[in-house]
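Side chains included, hydrogens not; waters and symmetry mates left out as well; all remaining heavy atoms used. Quick note on labels: first sequence line is chain A, next is B, and so on, each numbered from 1.
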Amino acid sequence: MPLTIAELYASPPLGELLTLHGWVRTRRTTRAVSFVELQDGSTLKALQVVLPHDKIPRQRIEAELHTGASLAVQGRLKPTPDRPQPFELEAESYTLYGAADPETYPLQKKAHSLEFLREITHLRPRTRTFQAIFRIRSGLSFAIHQYFQSHGFVYVHTPILTPSDCEGAGQLFQVTTLPLLSVPKNERGEVAYEEDFFKRPAYLTVSGQLEGELLATALGKIYTFGPTFRAEPSHTPRHLAEFWMIEPEMAFYDLSMTMDLAEDFLKYLVREVMERFPEELEFLSERYEPALLSELRKAVEGDFLRLSYSEAIEILQKSGKNFQFPTEWGSDLQAEHERYLVEEYAQRPVIVYNYPKSIKAFYMRQNDDGQTVAAFDVLFPRIGEVIGGSQREERYDKLLQRMQELGMDLTPYQAYLDIRRYGTVPHSGFGLGLERLLLFLTGMTNVRDVIPFFRAAGQMG
RNA sequence: GCCCGCUUAGCUCAGCGGUUAGAGCAUCUGGCUGUUAACCAGAGGGUCGCAGGUUCGAAUCCUGCAGCGGGCGCCA
């Protein structure tokens, strides 16, 4: 296997003849030697390669080795105690894989704006910024599995193609093989879905929660981790049409156990990323968000502040702030309210629980007060809601009554109702948006920058 | 969906009614005993987003469109 630069830094094989592969980040030329900073994606650190002009003609180096060019270079590793880098590769020869015409290659040895890089998603992974982000994204995903697997959760794959909008969460992408130019109709002028692939309407999933509940009431503790699709035309730095969501669902968990789990889970993830990616975090912090490291530290140190919705409303009313949106009991917490609670009032992550039932989903468990449901949101600084969850209504009659109140069509929910009719159990779960958490962890401010190729309303980056 | 802003060289930006539109970086040429976003000198590079309008005169003012960004809503 090709040697990587990360491996060199881990244990430098000084003096041996080595071959390294990578891309040119920068080149500097003086009279007798040229210097190439080589990167290969294995670490943010570059390898300085020294190319003596008596072994490799200067003319060739200047013609071939521009920023972005790829090569294999042979040479020996030499310690350089009096230079910024601990060692450098003294080259004896190199093979050019591919040149990068400096007249047209978009990346240069300078900082580019994130907006510009969004226009070239195929090349932006070659920047250190995106290498740092994608490595953290990978490590975070692993840590998520690690946490659940070591806590007895079963990873389940819920379907991506689904028959209906099961949560009422946003608009759906419809999936069809019917010809759009001549959609077949029945006698009543409606779309003839019996001719469609599934012989019924089909959509991309907006949540794996309902299927997750079905599996949790058999396997105990499960989690999903997969792509989710929303066709809502949201034009914000926090929304994607295709994003990744993690949804654990636990039988026999009540609301407070679930909040404990969510807090422990988030702290574990932040700690793991801090431990595994100090260099990446340092780089992103310097470049984009000076407060990054202290925010991460604050998130794992103390307890999250827990407030009931009613307490939160009271705090907002007493804040003396002039909010744009009302802070009456029964109105939903707006971004400005969440920001006040987290950034000014608590100055650490906040969990708000027991929301009015009128502003929450039908499946959330009704509290004894008749006014609220056992729902909670975890609010983080800078990004707002990172987790939303609830204890689910497990009482058949209560659930049915709520669905009827809301005028819902019960047909698609027979399975969902069935698990309340046969051996129902209290259970709870929550949803975590991977990209939103990544904003917090990387200091980025736009979710388009924490996923390799973004899909958002009107954009396929 | 509503509101606001931006669009000038390959990139980042200045110029905001008055000669031939500028800078830094990048590129090219030359120089430099080993550089660290190397440095020094020189050169090339622009239908000032698109379309219309106002004016003696528009990158600059107005209108429309497009793209991008931000705030809000919906949410993860």
Side-chain angles (χ1 to χ4, degrees), chain A residues 25-37 45-54 58 62-63 66-68 78 80 82-85 88 90 100-120 127-128 167-171 205-209 227-247 287 323-325 332-339 359-361 377-380 383-389 430-440 445-451 456-459 461:
Chain A
R25 187 188 294 164
T26 73
R27 187 202 73 216
R28 296 176 288 273
T29 294
T30 62
R31 187 176 197 73
V33 294
S34 289
F35 301 93
V36 160
E37 277 182 44
K45 292 193 195 86
L47 173 67
Q48 171 149 286
V49 179
V50 187
L51 304 142
H53 296 158
D54 56 357
R58 171 178 179 165
E62 292 194 318
H66 295 105
T67 297
K78 203 179 85 178
T80 51
D82 50 343
R83 310 250 179 244
Q85 61 279 0
E88 56 192 27
E90 191 122 313
D101 180 3
E103 298 286 352
T104 56
Y105 185 63
L107 296 175
Q108 299 168 5
K109 54 182 190 184
K110 54 164 282 189
H112 295 85
S113 68
L114 294 170
E115 290 83 356
F116 171 66
L117 294 171
R118 264 172 230 151
E119 296 169 16
I120 46 167
T127 65
R128 281 189 292 174
E167 209 190 332
Q171 286 168 266
T205 183
V206 292
S207 164
Q209 182 196 318
T228 306
F229 306 88
R230 304 273 168 94
E232 201 71 36
S234 304
H235 294 109
T236 84
R238 295 174 302 283
H239 290 85
L240 292 169
E242 175 183 293
F243 63 99
W244 285 67
M245 191 151 66
I246 295 94
E247 295 178 289
R287 212 84 165 227
F323 293 115
Q324 194 191 333
F325 288 89
D332 206 355
L333 296 184
Q334 302 296 328
E336 58 176 354
H337 305 139
E338 297 180 350
R339 220 172 299 130
I359 59 173
K360 288 290 181 184
D377 286 349
V378 181
L379 310 177
F380 266 22
I383 59 164
E385 181 185 335
V386 65
I387 276 182
F430 60 81
L432 167 73
L434 185 72
E435 286 77 14
R436 295 243 175 119
L437 181 59
L438 276 167
L439 291 184
F440 179 71
T445 54
N446 190 316
V447 285
R448 290 173 177 83
D449 297 331
V450 296
I451 189 166
Q459 289 183 317

Hey, could you give me the CG/NZ distance between A:Asp377 and A:Lys360, rounded to the nearest 0.5 Å? 4.0 Å
Could you say whether the aromatic ring of A:Phe243 and the base of B:rA76 stack, counting only centre distances under 5.5 Å and plane angles under 30°? yes
Do A:Gln48 and A:Arg83 have side-chain atoms, one donor and one acceptor, less than 3.5 Å apart? no
Distances for protein N or O near nucleotides 3-8 of chain B N or O, under 3.5 Å:
none

Rounded to whole Å, CZ of A:Arg118 lies from P of B:rG67 at a distance of 16 Å
Give every donor-acceptor pair under 3.5 Å between a side-chain atom in residues 102-109 of chain A and any protein atom, sequence neighbours left out.
from	atom 1	to	atom 2	distance (Å)
A:Thr104	OG1	A:Asp101	O	3.4
A:Lys109	NZ	A:Arg27	O	3.2

Atom-pair distance (CZ on A:Arg448; C1' on B:rG67), nearest Å: 13 Å
In terms of the nearest nucleotide of RNA chain B, which residue is placed more toward the 5' end: A:Ile387 or A:Glu62? A:Glu62
Separation of B:rA76 atom P from A:Asp332 atom CG, nearest Å, is 11 Å
Starting at CZ of A:Phe430 and ending at P of B:rA76, how long is that distance when rounded to a whole Å? 13 Å
Of the nucleotides B:rC75, B:rG70, B:rG73, which has the atom closest to the A:Ser234 side chain? B:rG73
Toward the 5' end of RNA chain B, which comes first, A:Thr67 or A:Val386, by nearest nucleotide? A:Thr67
Once rounded to the nearest 0.5 Å, what's the spacing between atom CD1 of A:Ile387 and atom CD of A:Glu247? 11.0 Å
Expressed in angstrom and rounded to an integer, what is the separation of A:Glu385 atom CD from B:rG73 atom C1'? 14 Å
Just by modelled atom types, is the A:Lys78 backbone N or O under 3.5 Å from a matching donor or acceptor in the A:Glu88 side chain? no
Protein-nucleotides 38-41 of chain B N/O pairs under 3.5 Å:
from	atom 1	to	atom 2	distance (Å)
B:rA38	OP1	A:Lys109	NZ	2.7
B:rA38	OP2	A:Arg28	NH1	2.3
B:rA38	N6	A:Thr29	O	3.3

Proximity to the side chain of A:His239 - top-ranked nucleotide from B:rU36, B:rG71, B:rA76: B:rA76
Which of these nucleotides, B:rG69, B:rC74, B:rC32, is closest to any side-chain atom of A:Gln459? B:rG69
To the side chain of A:Arg83, which of B:rG34, B:rC28, B:rC74 is closest? B:rG34
Any N or O donor-acceptor pair linking the side chain of A:Glu336 to the base of B:rG71 at under 3.5 Å? no
I'd like to know if the side chain of A:Glu336 reaches the main chain of A:Gln324, judged simply by a donor and an acceptor atom lying under 3.5 Å from each other, with no hydrogens or angles considered. yes
Identify, with sequence neighbours excluded, every residue that meets side chain to side chain donor-acceptor pair (under 3.5 Å) alongside A:Thr80. none
Report the distance from atom CG of A:Leu437 to atom CD1 of A:Ile383, rounding to the nearest 0.5 Å. 6.5 Å
Output the rounded distance in Å from CG (A:Asn446) to C1' (B:rG69). 9 Å
Quick one: which of B:rA76, B:rG34, B:rC32 gets closest to the side chain of A:Arg436? B:rA76
Report, one pair per line, the protein and nucleotides 9-11 of chain B atoms (nitrogen or oxygen only) whose separation is under 3.5 Å.
from	atom 1	to	atom 2	distance (Å)
B:rG10	N2	A:Gln108	OE1	2.8
B:rG10	N2	A:Gln108	NE2	3.3
B:rG10	N3	A:Gln108	NE2	3.1
B:rC11	O2'	A:Lys110	NZ	3.0
B:rC11	O2	A:Lys110	NZ	2.7

Length of the CZ-C1' vector between A:Arg230 and B:rC74, whole Å: 10 Å
Contact summary for A:Phe325 and A:His337, nearest pair of heavy atoms: O-NE2, 3.3 Å
Looking at every non-hydrogen atom in both residues, tell me the closest pair between A:Pro233 and A:Ala457 and how far apart they are. CA-CB, 3.9 Å
Check every strand shown and say whether A:Gln334 touches a base, only sugar-phosphate, or nothing at a heavy-atom separation below 4.0 Å. sugar-phosphate
Keeping A:His239 on the side-chain end and A:Ala456 on the backbone end, is there a donor-acceptor pair under 3.5 Å? no
Integer-rounded Å distance: B:rA76 C1' and A:Met245 CE: 6 Å
Could I get the full list of salt bridge (charged side-chain N to carboxylate O under 4.0 Å, His left out) partners for A:Glu62, not counting sequence neighbours? A:Arg58
